[in-house]
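The first residue in the sequence is number 1, and the count goes up from there. Side chains included, hydrogens not; waters and symmetry mates left out as well; all remaining heavy atoms used.
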Amino acid sequence: MAKIQMTTPLVEMDGDEMTRILWKMIKDELILPYIDLKTEYYDLGLEHRNETNDQVTVDSAEATKKYGVAVKCATITPNAARMKEYNLKEMWKSPNGTIRAILDGTVFRAPILIKGIVPYVKNWTKPITIARHAYGDVYKNTEIKVPGKGKAELVFTAEDGTETRELIHNFAGAGIIQGIHNTTESISSFARACFGYAIDTKQDLWFATKDTISKKYDHTFKDIFQEVYDTEYKEQFERLGIEYFYTLIDDAVARVIRSEGGFIWACKNYDGDVMSDMVATAYGDLSMMTSVLVSPSGVYEYEAAHGTVQRHYYKHLKGEETSTNSIATIFAWTGALRKRGELDGIKELQDFADKLEKACIKTVEDGKMTKSLSLISTCENPVLLNSLDFIKAIRETFETL
């Protein structure tokens, strides 16, 4: 059977540890036998990032802007222990953070639903996609430990030297201060990415902040979203029959728990960080979460939501057998291939992605799975497979569809 032909390359970002091992298995077993794969390859493994002073990460992001679609393996964000382990020149920044900043992107995370893996919230019958703003707030904060009595003020000095001051607090004793910020440009990009993704996936969009308490900071998020919606997206939403819905974050949490799912929930940076893990766990497992970074200009970068599976990698290095769930990484490949097919008008590529995703789901529903999946599955007497055999089982299922 002739391989599916591609016309435009994907940007391929290789990664670290166990997910790097799975990456090669997935390509060898599930991609290369069926597709004449064209990629522009970047090695984002920590050793190579260190060798290039992390320039390779910047180059991969710029290539993604050029080609429009990327697929990324999980990567290490080094801490002090990693710096020593890998003999790093410095504690390099998160590759995902660097790529997000260059693409001006928003992260969308959604669970993969499989029969036999029942969400802890029983009425969640459809996936909930978390859209996380990935700039500013507490992640770009400035902090001071107050040693004792004194006055704290928030001061903005304009370009012409004019000062605006607001009292934070008159301290009677020791305490703490935190300063956070965001920009109109970043919030507007976040809004456009959310509205664009809702249109692309034909889902309702919810957005929530605490504007009743934060009457300037959070209220600005609310106002920008509403303005962007009214002036740029309202007609498209109405034409598709989808809804943009704003509410307070407290109300949103209650509504989400009572819902059946099937919508995008846009969150500020910290809210999205926390809620994406909550939603992933409630649906079953972080290893069953997809993640896609979307820029306002329509650039897409697909990856798994989980990390590099360090513990399994150390077992692998010792020659021990691992049983690592590769589904989210496979879905990163299918997401990227489907989007490449959509942009280039190659239906065979889109159909291949759909078929491979069905094969992943059917394999698990037929009782063949990794150890971690067996722990959350209601399937009786599942067949437990090691990392490679699980991928081979998916290939066998794929060829029967």
Side-chain angles (χ1 to χ4, degrees), residues 1-6 8-45 47-48 60 69-75 112 287 290 301-304 306-310 312-341 346 348-364 366 368-373 383-401:
M1 188 173 172
K3 291 185 179 182
I4 298 167
Q5 298 298 306
M6 294 176 62
T8 311
L10 289 172
V11 175
E12 178 186 351
M13 305 173 185
D14 210 343
D16 287 299
E17 297 189 321
M18 196 63 209
T19 43
R20 188 182 181 98
I21 306 299
L22 296 175
W23 195 259
K24 187 176 186 305
M25 291 179 185
I26 290 164
K27 285 178 67 178
D28 289 347
E29 291 290 332
L30 301 176
I31 309 294
L32 294 175
Y34 309 102
I35 296 172
D36 185 17
L37 186 64
K38 289 182 171 63
T39 71
E40 187 163 303
Y41 178 87
Y42 293 87
D43 183 358
L44 266 57
E47 294 98 332
H48 193 238
S60 71
V69 185
V71 58
K72 180 181 174 295
C73 183
T75 46
I112 301 161
S287 71
T290 63
E301 181 247 294
Y302 295 83
E303 62 179 321
H306 59 70
T308 59
V309 202
Q310 179 184 12
H312 284 201
Y313 180 61
Y314 290 158
K315 287 182 67 177
H316 171 80
L317 289 180
K318 293 176 184 175
E320 297 176 16
E321 188 172 270
T322 65
S323 182
T324 316
N325 177 17
S326 52
I327 286 181
T329 304
I330 296 169
F331 271 58
W333 274 101
T334 55
L337 290 167
R338 183 185 295 107
K339 180 55 66 174
R340 185 78 278 161
I346 304 173
E348 295 88 349
L349 211 50
Q350 299 172 59
D351 292 343
F352 171 84
D354 292 344
K355 185 178 173 183
L356 184 51
E357 289 181 2
K358 288 177 184 173
C360 290
I361 292 168
K362 189 174 189 306
T363 300
V364 177
D366 287 347
K368 302 169 192 172
M369 61 190 74
T370 54
K371 184 178 178 180
S372 63
L373 286 176
V383 177
L384 299 187
L385 300 171
N386 66 33
S387 304
L388 179 58
D389 286 346
F390 180 58
I391 290 170
K392 287 183 174 180
I394 291 169
R395 180 173 177 175
E396 289 173 8
T397 305
F398 177 85
E399 293 186 346
T400 66
L401 294 176

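- Atom NZ in Lys27 sits 13.0 Å away from atom CD1 in Ile391 (nearest 0.5 Å).
- At least one side-chain heavy atom of Pro33 sits under 4.5 Å from a side-chain heavy atom of Arg395.
- Going from atom NE2 of His316 over to atom OG1 of Thr324 covers 9.5 Å, rounded to the nearest 0.5 Å.
- Atom CG in Asp14 sits 11.5 Å away from atom OG in Ser60 (nearest 0.5 Å).
- Among all heavy-atom pairs drawn from Thr397 and Thr400, the shortest one is O-OG1, 2.6 Å.
- Here the side chains of Val11 and Tyr42 are in contact, with some heavy-atom distance below 4.5 Å.
- Side-chain N or O atoms of Thr322 include none that pairs as donor or acceptor with a backbone N or O of Ser387 at under 3.5 Å.
- Between Gln310 atom CD and Lys315 atom NZ the span is 14.0 Å, to the nearest 0.5 Å.
- Contact detail for Asn325 and Ser287: the closest heavy-atom pair is ND2-OG, 3.0 Å.
- Minimum interatomic distance between Gly307 and Thr19 (heavy atoms only, all atoms of both residues): O-CG2, 3.4 Å.
- Shown here is Lys24, whose NZ atom has no more than 12 heavy atoms of other residues, nucleotides or ligands within 6.0 Å.
- Residues Met6 and Thr39 have side chains not in contact (no heavy-atom distance under 4.5 Å, counting atoms from C-beta outward).
- Ring-plane geometry between Phe352 and Tyr34 is classed as tilted, the angle between the planes lying from 30 to 60 degrees on a 0 to 90 degree scale.
- Distance check: Ile31 CD1 to Asp36 CG gives 13.0 Å after rounding to the nearest 0.5 Å.
- Met18 is not listed as a side-chain neighbour of Tyr314, based on a closest heavy-atom distance of 4.5 Å or more.
- Under a 4.0 Å N-O distance rule, the pair Lys392/Glu396 does not qualify as a salt bridge.
- Open room surrounds NZ on Lys358; 12 or fewer heavy atoms of other groups in view lie less than 6.0 Å from it.
- Closest of all the heavy-atom pairs between Pro9 and Arg340 is O-NH1, 3.4 Å.
- Salt bridge present: Arg20 and Asp43 bring a charged side-chain N and a carboxylate O closer than 4.0 Å.
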Full working for side chain to side chain contact (heavy atoms under 4.5 Å, CB included) between Arg338 and Glu357 | CA-CA 11 Å; Arg338 183 185 295 107; Glu357 289 181 2; 2.9 Å; yes
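- Panel note: side chain Ser323, backbone Lys371; a donor-acceptor pair is recorded below 3.5 Å.
- The NZ atom of Lys355 sits 14.0 Å away from atom OG1 of Thr334, with the distance rounded to the nearest 0.5 Å.
- When Ile112, Leu30, Ile330 are each tested for a side-chain contact (heavy atoms from CB on, under 4.5 Å) with Cys360, only one passes: Ile330.
- In this structure, the side chains of Val69 and Tyr302 come closer than 4.5 Å at one or more pairs of heavy atoms.
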Should Trp333 and Leu37 be marked as a side chain to side chain contact (heavy atoms under 4.5 Å, CB included) after you check the CA-CA gap, both sets of side-chain angles, and the distance that decides it?
-> CA-CA 11 Å; Trp333 274 101; Leu37 186 64; 4.0 Å; yes
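- Counting only heavy atoms from C-beta outward, the side chains of Glu17 and Val309 never approach each other to under 4.5 Å.
- In this structure, the side chains of Phe390 and Ile327 come closer than 4.5 Å at one or more pairs of heavy atoms.
- Put simply, the residue from Ile346, Asp354, Leu349 that forms a side-chain contact (heavy atoms from CB on, under 4.5 Å) with Leu337 is Leu349.
- Between Ala328 and Ala304, the shortest heavy-atom distance links the atoms CB-CB, 3.6 Å.
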